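Please read all numbers here as calculations on a predicted model, not as lab measurements. Start at 1 and go down the list; that is how both ligands and their atoms are numbered.
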Amino acid sequence: MKIQAVTLFPEMFDSITEYGVTGRARKQGLWQFDAVNPRRFADNKLGYIDDRPFGGGPGMIMMAPPLAAAIDSARRAQVGQNGRVIYLSPQGAPLTHDKVFELAQLSDLILLCGRYEGIDERLLTNSINEEIGIGDFVVSGGELPAMMLMDAVLRLVPGVLGDQQSAEQDSFANGLLDCPHYTRPLEFQGLPVPEVLRSGNHGLIAEWRLKQSLQRTLARRPDLLAKRDLIPQEARLLQEIREEQQAIQS
Ligand code: 4H7
């Protein structure tokens, strides 16, 4: 997979291209990265690519022409024919596991990172395939949201995680929150490791973990449970959880 970012701050992407599992995977050639700086396409020697908003108001707006040229330059450098131009913005459709999975199937992504107050709408109308947001909050630029999207997508690219199972077992891959995890020592500040995890009974352990996942999802994210079908084992465990809670309340 080839990912390109149109950004005023290419160096920010070092944190994903150089470190951790994403860094190792890039060095192994599992994905490629390129940053395109729109300043290269400014129509003035000083490299200004922003200007004041028509209609007035605070701040500056990124101009369409240098961004269009930067996106065209990125498109010419694509690997495959099914690339997509994605704009990270607070107005975008919320990023979900399903969307991450969809993007992981593509050969090329171009991520457009906004700064200042945003980008001239006409550039978005003509050059963007998709507008995505990573949550209901604002940050100073699209670079961090772009890197979060990249990390989430790259984890699903075969070989990026040494252990392919971890991606499948991750929270959200199955529509539930993750279960709790424990390692040594056996007791920490008075808290023990749950006995079942030391039983060696893998059937029991799997069922305990699933029940914990259901319990947490019910308590913290009931919206996730509501939009997901339950298999019979899950329905039975959820019934157990509800009965246990009623027993506590009465
Ligand atoms: C596009 C338009 C994404 C991108 C405006 C980006 C949150 C998200 C940005 C802006 C982002 C998200 C620039 C508007 C900085 C506010 C002070 C970059 N924030 N910003 N201004 N939720 N910011 O995905």
Side-chain angles (χ1 to χ4, degrees), residues 1 3-17 20 22 31 33-42 46-75 83-104 106 108-156 170-173 177 220-221 223-224:
M1 165 174 272
I3 302 180
Q4 299 180 88
V6 173
T7 172
L8 290 171
F9 299 105
E11 292 82 4
M12 284 184 74
F13 288 82
D14 288 356
S15 55
I16 189 157
T17 60
T22 54
W31 65 288
F33 178 76
D34 245 325
V36 181
N37 193 332
R39 287 204 200 288
R40 280 176 38 205
F41 305 94
L46 295 176
Y48 289 125
I49 50 84
D50 59 318
D51 210 334
R52 286 168 303 174
F54 277 114
M60 302 292 270
I61 305 300
M62 294 177 91
M63 293 188 289
L67 290 177
I71 291 169
D72 283 346
S73 160
R75 260 209 206 87
R84 216 179 277 191
V85 183
I86 296 171
Y87 178 47
L88 286 306
S89 105
Q91 284 74 47
L95 186 62
T96 61
H97 174 75
D98 286 348
K99 177 54 75 176
V100 169
F101 183 87
E102 177 191 326
L103 298 178
L106 303 177
D108 298 86
L109 296 177
I110 297 175
L111 305 177
L112 177 58
C113 305
R115 285 271 158 178
Y116 311 113
E117 295 313 307
I119 297 180
D120 188 311
E121 188 67 21
R122 296 164 299 177
L123 181 280
L124 306 177
T125 303
N126 282 353
S127 302
I128 292 308
N129 298 118
E130 219 169 318
E131 189 165 345
I132 292 179
I134 57 155
D136 290 338
F137 51 87
V138 169
V139 294
S140 345
E143 286 81 6
L144 289 169
M147 283 188 263
M148 291 187 63
L149 182 149
M150 287 169 66
D151 189 292
V153 167
L154 289 169
R155 294 169 57 76
L156 300 185
D170 268 342
S171 201
F172 297 110
L177 301 185
R220 303 180 193 179
R221 293 294 305 277
D223 57 304
L224 291 178

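Partners of Ala64 by side chain to side chain contact (heavy atoms under 4.5 Å, CB included), not counting sequence neighbours, listed by chain and number: Asp120, Leu123. In this structure Phe41 satisfies the ring-ring contact (aromatic ring centres under 6.0 Å, His included) test with no other residue, sequence neighbours excluded.
Relative orientation of the Phe33 and Trp31 rings is perpendicular, given thresholds of 30° and 60° on the angle between their planes.
Counted within 6.0 Å of OH on Tyr116, heavy atoms from surrounding residues, nucleotides or ligands total more than 12; the atom is thus considered enclosed.
A donor-acceptor pair under 3.5 Å links the side-chain atoms of Gln4 to the main chain of Ala74, judged by distance alone.
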Starting from the N and O atoms of ligand 1, find every protein N or O within less than 3.5 Å and list the pair with its distance.
unit_1, atom_1, unit_2, atom_2, d
ligand 1, 19 (N), Val139, N, 3.0
ligand 1, 21 (N), Tyr116, O, 3.2
ligand 1, 22 (N), Gly135, O, 2.9
ligand 1, 22 (N), Phe137, O, 3.1
ligand 1, 23 (N), Val139, O, 2.8
ligand 1, 24 (O), Ile134, N, 2.8

If you look only at distance, which donor and acceptor atoms sit under 3.5 Å apart when one is on a side chain in residues 142-156 and the other is two or more places apart or in another chain?
unit_1, atom_1, unit_2, atom_2, d
Glu143, OE1, Arg115, NE, 3.0
Glu143, OE1, Arg115, NH2, 2.9
Glu143, OE2, Thr7, OG1, 2.7
Arg155, NH2, Asp170, OD2, 2.3

